[in-house]
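Before any comments, here is the structure.
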Amino acid sequence: MRRWIAVAAAVLAAVTVPGIADAQTAPPDPAQAVRSRLQHQTGVTVAEVARFSLAKGGFRRIRVQSEVQLGPDGPVGSYMKIYDVPDPNTPWTLEADRRASLNAVDRYNAIYADGRMHLLDEGLYASLPDGKTWYRTPADSGDKPAFTVQRIDVYNPLVLASLVAGKKATAVQGGWLYQGTTSYKALSKAAGDRVLDTDPKPIRWWLWTDATGLPARLRTAESAGDFRHSGSANVDTRFSDWGRALVVTAPPADQVADERLPVK
C-alpha cells in the first residue's frame with residue numbers, strides 16, 4: 001500500500017494542468033518574443049474594440065479588424081475594416097475627424113500597401129472617376145501601416161521591454177498576465193521618439209501573453225475628452241496567428257484614383 005501511494009504521489013507531482021503556465025518557470029520575454037516574429041512576409045491577425053464614454057452619458061465605439069504584415073522594423077502593410085459607431089445622443093465626438101453626421105454607422109475598408117493608404121469607395125467621397133473604386137491618399141498624409149486606437153505599440157520591442165520591466169507576471173490560462181500604469185511621456189521615451197511626447201497623463205494597462213511570450217491581448221484605460229465633455233477611453237485588442245505567411249497587395253492600379261477628393 002505504501003509503495004502504491006508513493007507511486008501515485010510521484011505521478012500526480014508530474015502532472016500539470018493543461019493551458020496553465022507553470023508558476024515556477026520564468027515567463028518568456030515579450031519583447032524578445034515579438035522581435036523573433038518581425039520578419040519579412042509574415043503577419044498577425046488583430047481584432048480591436050475601442051469605447052469612448054462621456055461622463056454625462058453617451059458613447060462612441062470603434063471596431064477594427066485587420067491583418068497586419070510585419071517586417072524587421074514593425075508593420076509594413078495591412079488589410080483593415082474599421083467600424084465607427086456613434087451614439088446619436090453624444091454632444092460631440094472624441095475622434096480627431098469629428099464627423100458631422102452622428103446618425104449612422106461609418107464603415108471603412110482600407111489597404112495599406114506600397115507605402116500608401118487605399119480607401120474603398122463606400123459613399124465616403126463625393127465622387128470618383130468612372131471605373132475607379134479605390135481612393136489612394138497622398139504620400140504625405142502621414143498614414144501608418146496598421147491602424148489602431150491603442151497608445152502602446154506592441155510591435156516595438158523597446159516599448160514592450162520598458163512596459164514589463166520590473167512587473168511581476170501572473171500565470172493565467174494559456175500564458176501570463178502583466179499589468180501596470182504608464183504614460184504618453186514614458187511610452188514616447190521608450191520608443192526613442194525624436195520629438196518626445198511630454199504628456200504625463202496615466203494609462204492603465206493589462207497585457208496577456210501566450211505561453212511563448214507573444215502578446216495575445218492588450219487592454220488599456222485612460223481619461224479622454226476635454227474640459228467640456230470629460231470621459232474615458234477603453235481599448236481592448238486581441239492578437240492571434242503571429243508569424244503567419246502574409247503579403248499585403250495594393251488594389252489593381254486601374255481601380256485606384258489619386259485625386260484629393262472632398263469628403264461628403
Side-chain angles (χ1 to χ4, degrees), residues 30-31 33-52 61-84 95-97 106-120 124 134-163 182 184 187-188 190-194 197 203 205 207-210 213-220 222 233-251 256:
V34 168
R35 184 178 287 111
S36 69
R37 290 297 189 273
L38 296 181
Q39 301 177 18
H40 292 295
Q41 299 185 2
T42 64
V44 60
T45 301
V46 183
E48 181 173 283
V49 177
R51 182 183 175 92
F52 300 86
R61 185 171 66 250
I62 296 177
R63 304 181 69 91
V64 183
Q65 298 175 332
S66 57
E67 304 291 335
V68 180
Q69 181 183 341
L70 302 173
D73 297 321
V76 296
S78 60
Y79 297 112
M80 295 167 279
K81 291 185 178 181
I82 305 169
Y83 303 88
D84 186 4
E95 284 77 14
D97 61 7
D106 296 320
R107 181 182 64 188
Y108 308 87
N109 279 276
I111 298 175
Y112 188 98
D114 302 330
R116 302 282 288 276
M117 183 69 77
H118 303 74
L119 301 172
L120 181 64
L124 177 63
W134 294 86
Y135 166 63
R136 182 164 55 187
T137 60
D140 60 354
S141 62
D143 295 318
K144 295 183 178 181
F147 177 83
T148 178
V149 186
Q150 283 288 8
R151 303 300 186 180
I152 298 175
D153 183 4
V154 301
Y155 304 111
N156 188 330
L158 295 177
V159 171
L160 274 182
S162 174
L163 199 67
T182 186
Y184 287 82
L187 292 173
S188 181
D193 293 340
R194 293 183 178 179
D197 190 330
I203 303 173
W205 60 269
L207 174 66
W208 288 261
T209 69
D210 63 17
L214 287 169
R217 180 186 180 189
L218 174 63
R219 187 165 72 87
T220 57
E222 61 179 292
N234 291 271
V235 188
D236 193 339
T237 310
R238 314 293 179 100
F239 305 89
S240 60
D241 296 329
W242 284 93
R244 54 167 294 194
L246 179 64
V247 176
V248 175
T249 57
V256 177

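For the single chain, residues carry numbers from 1 onward in sequence order.
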Heavy-atom distance under 4.5 Å between the side chains of [X] and [Y], does that happen here?
X	Y	value
Arg63	Lys81	no
Pro215	Leu160	yes
Asp73	Leu38	no
Leu119	Thr137	yes
Ile62	Tyr83	no
Leu246	Gln41	no
Thr45	Trp242	no
Arg151	Thr220	no

Closest heavy-atom contact between [X] and [Y]?
X	Y	answer
Asn109	Trp134	O-CZ3, 3.8 Å
Pro157	Ala31	O-CB, 3.4 Å
Ala190	Val159	CB-CA, 4.2 Å

Nearest 0.5 Å please: distance from the [atom1] atom of [X] over to the [atom2] atom of [Y].
X	Y	atom1	atom2	value
Glu48	Gln65	CD	CD	11.0 Å
Phe239	Leu207	CZ	CG	8.5 Å
Tyr135	Leu120	OH	CG	14.5 Å
Tyr112	His118	OH	NE2	10.0 Å
Leu187	Ile203	CG	CD1	5.0 Å
Leu163	Asn156	CG	CG	11.0 Å

- Message: Checking side-chain polar atoms at under 3.5 Å, does Gln69 have a donor or acceptor matched by the opposite partner on Thr42?
- Response: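 No, because no side-chain N or O of Gln69 sits under 3.5 Å from a partner of the opposite role on Thr42.
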- Task: Assess the side chains of Ser78 and Glu67: does a donor N or O sit below 3.5 Å from an acceptor N or O?
- Result: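 Per modelled atom types, Ser78 and Glu67 side chains form no pair under 3.5 Å.
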Treating [X] as the side-chain partner and [Y] as the backbone partner, does any N or O pair qualify as donor plus acceptor under 3.5 Å?
X	Y	answer
Ser36	Ala33	yes
His40	Gly71	no
Ser66	Met80	no
Trp205	Ile152	no
Asp114	Arg116	no
Asp210	Gly213	yes
Gln150	Leu218	yes
Tyr79	Thr249	yes

- Message: Which residues pass the salt bridge (charged side-chain N to carboxylate O under 4.0 Å, His left out) test with Arg217, not counting sequence neighbours?
- Response: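 Checked Arg217 against salt bridge (charged side-chain N to carboxylate O under 4.0 Å, His left out); matches are Asp236.
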- Task: Any chance you could lay out the side chain to side chain contact (heavy atoms under 4.5 Å, CB included) test for Leu70 and Gln39, step after step, and finish with the verdict?
- Result: CA-CA 6 Å; Leu70 302 173; Gln39 301 177 18; over 6 Å; no
- Query: Step by step, would you call Arg37 with Tyr155 a side chain to side chain contact (heavy atoms under 4.5 Å, CB included)?
  - Reply: CA-CA 9 Å; Arg37 290 297 189 273; Tyr155 304 111; over 6 Å; no
- Item | Atom CZ of Arg244: over 12 foreign heavy atoms under 6.0 Å |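 Yes - once you tally the heavy atoms of other residues, nucleotides and ligands closer than 6.0 Å, there are more than 12.
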- Val44 pairs by side-chain contact (heavy atoms from CB on, under 4.5 Å) with which of Val154, Val68, Leu214, Asp241?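 Running side-chain contact (heavy atoms from CB on, under 4.5 Å) over Val154, Val68, Leu214, Asp241 with Val44 returns exactly one hit, Val68.
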